[in-house]
Amino acid sequence: GRAGAMATAGSGGGGGGGGGGGAAGAAASLSNRARRHKWALELAPGGGRSRERQGGQGEVVYPVGYSDRQLPDTSVQETDRILVEKRCWDVALGPLKQVPMNLFIMYMAGNTISIFPIMMVCMMAWRPLQALLAISGTFKLLESSSQQWLQGLVYLIGNLLGLALAIYKCQAMGLLPTHTSDWLAFVETPQRVEYAGGGLLL
């Protein structure tokens, strides 16, 4: 009877030891599986993570590295700003770029009074004058630039310089009344101050 009890107790202890060993093996396998799938992603349509990120509005899974927040494209904005500055400077420097050509035309036209030099002078004077009359529209065009006042000043100086060249050409051609002979009709006749008579002949 004592031997049977001891055998029964031994078999029970062996079964308990086997059960403990099985539990330890299962825990080790779960740990290895978790370590192996540490970076695995749930790509199934019903994944809980995708539903949380999607907000329940669909079953589309976001790719790795996707962000809902839209980042501003600063490179495009910087390029647009540079292009606007360049365009505004082209408008401001336009009158100054015409000065060398106007000087060449003045030299080739000469100072003779004929139809061709007079037409050239009229064109040289009309373009700056027309630009000065429409200068408010040009300033509105330069409002998008950060150097608006400097560009407007350069534009104004260029037009005034072109107008001054046209006036100088008119003076060189004798079209301006700057000489005394141009005002002879308005000069009063000098009054006689004294009278003188001749002597007697002997």
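Within a 6.0 Å radius of NZ in K97, more than 12 heavy atoms belonging to other residues, nucleotides or ligands are found.
Residues M123 and W126 do not share a hydrophobic cluster, clusters being chains of Ile/Leu/Val/Met/Phe/Trp/Tyr side chains in contact below 4.5 Å. Using a 4.5 Å cut-off between side-chain heavy atoms of Ile, Leu, Val, Met, Phe, Trp and Tyr, with links allowed through other members, L163 and I135 fall into the same hydrophobic cluster. Linking Ile, Leu, Val, Met, Phe, Trp and Tyr whenever their side-chain heavy atoms come within less than 4.5 Å leaves L176 and M124 in two separate clusters. Connection of V99 to L160 is not established within any shared hydrophobic cluster, with ILVMFWY side chains joined at heavy-atom distances below 4.5 Å, either directly or through further cluster members. Under a hydrophobic-cluster definition in which Ile, Leu, Val, Met, Phe, Trp and Tyr are linked whenever side-chain heavy atoms come within less than 4.5 Å, directly or via other members, M173 and Y168 are assigned to different clusters.
Between the NZ atom of K140 and the CG atom of L142 there is a distance of 12.5 Å, given to the nearest 0.5 Å. Note that OH of Y155 is 11.0 Å distant from CG of L96, once rounded to the nearest 0.5 Å. A distance of 10.5 Å separates CD of Q130 from CG of N159, quoted to the nearest 0.5 Å. To the nearest 0.5 angstrom, I105 atom CD1 is 11.0 Å from L165 atom CG. For the atom pair SG (C122) and CD1 (I115), the distance works out to 8.0 Å, reported to the nearest 0.5 Å. The distance from the CG atom of L156 to the CG atom of L132 is 6.5 Å, given to the nearest 0.5 Å.
Judged by distance alone, with hydrogens and angles left aside, the side-chain atoms of E85 form a donor-acceptor pair with the main-chain N or O of S146 at under 3.5 Å.
Closest approach of G162 to P128, counting heavy atoms only: C-CG, 3.8 Å. The two residues C88 and Q151 have their closest heavy-atom pair at CB-OE1, 3.2 Å.
Side-chain contact check for L161 versus P95: every heavy-atom pair is 4.5 Å or farther apart.
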